[in-house]
Each structure stands twice: as C-alpha cells, then as structure tokens.
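Indexing begins at 1, ligand by ligand and atom by atom, following the structure's order.
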Amino acid sequence: MIRITRETPQDSAEVEYLFDLAFAPCRTALSSYRLRDGVAPVAELSLVARDDYDALAGAIRYWPVRIGEAGAPALLLGPVAVHPTRQGEGLGALLIADSLERAAALGWTRVVLVGDEPYYRRFGFTREVGRSLDYPPPTNPDRLLARALAPGAFEGVGGLVRRW
Ligand SMILES: CC(C)(COP(=O)(O)OP(=O)(O)OC[C@H]1O[C@@H](n2cnc3c(N)ncnc32)[C@H](O)[C@@H]1OP(=O)(O)O)[C@@H](O)C(=O)NCCC(=O)NCCS
C-alpha cells in the first residue's frame with residue numbers, strides 16, 4: 001500500500017535524489033528553477049509517497065509565484081517525480097490529484113506548470129487557460145499549462161509569471 005504524507009526535513013535528501021534521478025542533475029538549470037530561487041516551497045503541498053517498505057516511490061513540491069503587474073498569487077506545480085521502478089502504476093496521478101485537492105482546500109485558486117500537455121490534461125491543465133501568461137525564457141510556450149481551482153480564477157489575470 002502507498003502512503004502519502006507531507007514531506008519532512010528527514011525526507012528532503014531522498015526527495016532531492018529522486019528528482020535528480022528522474023530529471024538528471026542539471027534540472028536546476030531549467031528556467032522554472034529561477035522562479036524557485038530563494039523561495040521556500042509550500043510546505044503543506046510538499047508530499048511524499050512511500051510504500052510498505054518505507055521506500056520513497058514518488059514526491060511532489062509546489063512553489064508560490066505571482067502573475068503579472070497585479071501580482072496575482074498562483075502555485076507552480078512541480079517538480080513531481082515517480083521512481084523509475086514505480087512509474088505507470090498511477091502514483092503520479094495520486095500525488096497530483098491529492099495535492100491539488102489540498103491546494104484548493106487551502107484557498108489557492110490558480111496553478112501553473114511547465115510540462116507535457118498529453119500527461120497533464122487528465123488533471124484539467126490546458127494551454128488555453130494559460131494563454132495570457134508569459135514565462136521566463138527560455139520556455140516552450142506549448143508546455144506552459146494552467147488550471148483554475150475556482151471558476152473564473154484566470155479571468156483578467158495575465159502577464160509574466162514571476163518569483164513570489
Ligand atoms: C511523469 C511522471 C511523474 C508520471 O508518474 P507515473 O506514476 O509514472 O504516471 P501515472 O501512473 O499516474 O500515469 C501513467 C500514464 O501517464 C502517461 N505518461 C507518463 N508520462 C507522460 C508524459 N510525459 N507525456 C504523456 N503521457 C505520459 C503514461 O503513458 C501512462 O499512460 P496510460 O495511463 O494511458 O497508460 C513520472 O513518469 C516521472 O517521474 N517521470 C520523470 C519525471 C518527469 O518527467 N516529471 C514530470 C515533469 S513534466
């Protein structure tokens with residue numbers, strides 16, 4: 001059985017290792033990491049999935065960001081990773097669905113991410129919702145996705161996604 005719990009300081013080194021394994025260590029050179037520099041992840045939404053042997057099977061983190069001149073608050077989803085030996089079992093979906101539910105319960109209304117639309121559309125992320133958003137370069141605009149957690153949350157919201 002898989003248990004999903006909040007990441008603790010004791011989990012952190014293992015989570016970093018999992019992200020390095022899933023993305024290659026140069027992941028921190030990606031433009032989305034500039035949005036994370038010097039900003040703490042949202043603790044309530046940093047989750048780990050562990051199996052019966054307490055092995056780390058997956059992890060997800062979110063960062064707070066602001067959008068446009070008005071500084072509308074939003075969440076940046078990711079990184080999310082599942083251990084290569086556990087991929088395709090639904091753990092990624094479990095982590096994403098659980099964390100989005102927690103985010104909505106905490107009052108967050110907007111979520112953005114840079115990722116594969118064919119994967120994330122099953123969780124309600126689309127390019128359309130994020131069409132008025134810009135992202136720090138270099139970012140492939142086709143990979144900039146967004147989802148409103150409350151009706152109309154992106155109406156009138158646009159511009160550069162920037163550091164909190
Ligand atoms: C992406 C990731 C988190 C998905 O987690 P997972 O537990 O393997 O995924 P799930 O079991 O929930 O879903 C599996 C389904 O997603 C599909 N899928 C996985 N990655 C995909 C991708 N990048 N694009 C399109 N579909 C993808 C699988 O083909 C499978 O499809 P099916 O349900 O039709 O068989 C995981 O594969 C991973 O850690 N990958 C490496 C890191 C990464 O790319 N993270 C996301 C950054 S955008």
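Leu76 has its side chain within reach of Arg36: a pair of non-hydrogen atoms, C-beta onward, lies under 4.5 Å apart.
Val114 and Trp63 end up in the same hydrophobic cluster when Ile, Leu, Val, Met, Phe, Trp and Tyr side chains are linked at under 4.5 Å. Using a 4.5 Å cut-off between side-chain heavy atoms of Ile, Leu, Val, Met, Phe, Trp and Tyr, with links allowed through other members, Leu160 and Val129 fall into different hydrophobic clusters.
Checking Tyr62 against Ser46 by side-chain atom types alone, no donor-acceptor pair falls below 3.5 Å. In summary, the side chains of Ser12 and Glu7 do present a donor paired with an acceptor at a separation below 3.5 Å, with no hydrogens or angles considered.
Atom CD of Glu44 sits about 5.5 Å away from atom CG of Leu106, to the nearest 0.5 Å.
Among protein residues, Ala22, Phe23, Val80, Ala81, Val82, Gln87, Gly88, Glu89, Gly90, Leu91, Gly92, Ala93, Gly115, Asp116, Pro118, Tyr119, Tyr120, Arg122 come within 4.0 Å of ligand 1, judged on heavy atoms.
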